[in-house]
Structure formats: C-alpha cells, structure tokens
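Scroll down for the structure; my scribbles are underneath it.
This chain uses plain numbering: 1 for the first residue, then up along the sequence. Just so you know, these numbers use all the heavy atoms, side chains as well, and skip hydrogens, waters and symmetry mates.
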Amino acid sequence: MSSALTLARPYARAAFELARSGNALGDWAGKLAFAAQVAADPRVTALFGDPRVAQKDLAALVTPEGEPADSAFAGFVRVLAENRRLPVLPEIGALFEELKHEAERVLKVNLRSATPIDATEAAKLKDALKRRFGRDIEVEQTIDEGMLGGVVIDAGEVVIDGSVRGRLARLQQALAH
C-alpha cells in the first residue's frame with residue numbers, strides 16, 4: 001500500500017496542478033473518481049498485467065465516455081498508461097481529493113455515533129468545528145451500532161472522543177491515578 005502511495009503522489013500532484021491551472025478542480029475530481037473506480041474493479045485489475053491488452057486500450061477504458069482525446073485529462077491518463085501506473089489510479093484519486101480539500105480549505109470530518117444525529121445538532125456541530133479549525137467543514141455521518149452512545153469526531157489528525165466508552169475510559173484513568 002505505501003509503495004502504491006509513493007508511486008501515486010507525484011501523479012496526484014501533477015493532476016492537481018493541471019486541474020488548478022485550468023480552473024477545473026471539481027471537473028477533474030469527478031473524472032479521477034470515475035477512473036479510480038474503474039481501475040479498482042477486479043475485472044479491470046486483471047487486465048493491467050495482461051500482455052495481450054495494449055496500454056492505449058487500458059487508458060481508453062478508464063477515461064470517461066465523451067472525454068475529448070486531446071483534453072488535458074485524456075493526456076494525463078495516456079501518461080499513466082505509458083508509465084504503467086494505471087493500477088495506482090485509486091491512490092491518485094484519493095491524494096487528489098486531499099489536495100483539493102486543502103486548496104479549498106475544506107476539512108472532511110466523520111461523525112461516528114450509535115444513532116443518526118439530527119440535522120439541527122449536526123449543523124451546530126459543523127459550526128463549532130468551523131470556528132475551531134477555521135475551515136469549511138464537510139460532514140459524513142457513520143452509524144456504529146457497537147457504540148453505547150455519544151459521538152466520535154474524526155477530523156483527520158484530530159480525533160475528539162465524546163463517546164460513552166471514551167468518557168468511561170478517561171474516568172477510569174482519573175480514578176486510577
């Protein structure tokens with residue numbers, strides 16, 4: 001996995017710079033997401049090492065339908081194919097998304113809870129996180145039936161554990177010391 005990320009990183013940066021220079025970050029994000037999804041399909045993955053399949057055919061396979069052959073994105077995919085880097089498209093797509101969010105000053109936050117959080121509470125939480133991090137917040141909610149209650153906020157490098165289990169663990173530690 002780490003070697004795939006190492007291979008993908010310069011391509012993701014190059015894609016980001018191409019997209020930013022063309023003022024098309026959102027467009028490229030969608031196209032890369034499509035290409036990454038196709039490249040991750042096990043039927044396509046099996047073709048990557050097949051010597052009977054030409055690299056230009058693989059490039060056409062992961063390029064969205066209707067994409068002009070002379071577009072910057074099609075050229076980018078051709079370069080990936082020529083360098084036999086199409087298998088790392090999922091990693092390139094993920095790294096591109098990180099760069100895009102960073103440039104747009106958007107922080108992706110995952111809220112994990114035992115039950116769904118209503119829209120009013122989610123909006124309050126989103127506003128509080130926006131003040132704390134100084135960025136726009138993109139919230140994704142995940143239901144974890146194994147949780148007793150509360151919420152765990154995962155903001156990448158910062159994790160705020162407001163779950164019942166987390167509070168009990170902190171209480172146990174405080175009582176032990």
Side-chain angles (χ1 to χ4, degrees), residues 1-112 122-123 125-127 129-142 152-160:
M1 178 72 165
S2 64
S3 65
L5 284 174
T6 302
L7 292 173
R9 195 165 283 114
Y11 290 102
R13 284 191 195 118
F16 178 76
E17 291 303 323
L18 280 169
R20 186 166 58 178
S21 69
N23 204 18
L25 286 175
D27 190 36
W28 272 68
K31 292 174 185 179
L32 275 172
F34 170 82
Q37 186 176 10
V38 172
D41 187 300
R43 297 171 293 181
V44 175
T45 304
L47 297 175
F48 288 142
D50 192 334
R52 298 171 295 178
V53 181
Q55 292 302 310
K56 66 179 175 90
D57 294 333
L58 291 172
L61 187 63
V62 299
T63 303
E65 189 175 335
E67 181 70 22
D70 62 345
S71 73
F73 185 79
F76 175 74
V77 172
R78 276 194 304 277
V79 168
L80 289 176
E82 289 166 6
N83 292 306
R84 300 189 183 281
R85 297 294 187 248
L86 291 174
V88 295
L89 264 167
E91 289 81 4
I92 292 170
L95 290 168
F96 180 91
E97 277 297 319
E98 288 177 17
L99 291 168
K100 179 179 174 283
H101 280 103
E102 187 67 33
E104 294 173 341
R105 299 213 27 92
V106 174
L107 181 63
K108 283 182 80 171
V109 174
N110 185 315
L111 299 178
R112 190 166 43 98
L125 193 54
K126 188 174 178 178
D127 288 341
L129 291 170
K130 184 175 183 175
R131 283 192 305 277
R132 177 173 179 172
F133 292 108
R135 299 169 130 198
D136 287 331
I137 304 295
E138 185 178 296
V139 176
E140 177 183 314
Q141 290 189 32
T142 306
V152 175
I153 302 167
D154 183 352
E157 294 178 10
V158 176
V159 177
I160 303 167

*Electrostatic pair Arg135-Glu102, nearest N-O below 4.0 angstrom*: yes
*CG of Leu86 to CG of Leu80: how many Å apart, nearest 0.5 Å?*
5.5 Å
*Are Ile153 and Leu125 side-chain neighbours, meaning at least one heavy-atom pair lies under 4.5 Å?*
yes
*Val109/Leu129 under side chain to side chain contact (heavy atoms under 4.5 Å, CB included): CA gap, chis, key distance, verdict*: CA-CA 9 Å; Val109 174; Leu129 291 170; 3.9 Å; yes
*Mind checking whether Tyr11 and Leu89 have side chains closer than 4.5 Å, heavy atoms only?*
no
*Work out which heavy atom in Ala74 is nearest to a heavy atom in Ala69; give both atom names and the distance.*
CB-O, 3.6 Å
*Take atom CD in Glu104; do more than 12 heavy atoms of anything else shown fall under 6.0 Å from it?*
yes
_Considering all heavy atoms, the nearest Ala15-Phe76 contact_ = CB-CZ, 3.7 Å
*asked:* Within the structure provided, determine whether Glu97 and Lys100 are in side-chain contact (heavy-atom separation under 4.5 Å).
replied: yes
_If you count heavy atoms of other groups shown closer than 6.0 angstrom to CG of Asp50, is the number above 12?_
yes
_In the structure I gave you, are the side-chain heavy atoms of Phe16 and Leu25 within less than 4.5 Å of one another anywhere?_
yes
*To the nearest 0.5 Å, what is the distance between CZ (Arg112) and CD (Gln141)?*
13.0 Å
*Heavy-atom closest pair, residues Phe48 and Ala39*: CE1-O, 3.6 Å
_How close do Glu91 and Ala8 get, counting heavy atoms only, and between which atoms?_
CB-CB, 3.6 Å
*Can you check whether Leu32 reaches Phe73 side chain to side chain, under 4.5 Å on heavy atoms?*
yes
*Leu99 side, atom CG; Ile92 side, atom CD1 - distance, nearest 0.5 Å*: 11.5 Å
*Is the shortest side-chain N to carboxylate O distance from Asp136 to Lys130 below 4.0 Å?*
yes
_Between CG on residue Asp57 and CZ on residue Arg52, distance to nearest 0.5 Å_ = 13.0 Å
*Are side-chain heavy atoms of Val158 and Arg132 found at a separation under 4.5 Å?*
yes
*Enter the distance from Arg78:CZ to Asn83:CG here, rounded to the nearest 0.5 Å.*
13.0 Å
*Got a second to check how far Gln55's CD is from Arg85's CZ, nearest 0.5 Å?*
11.0 Å
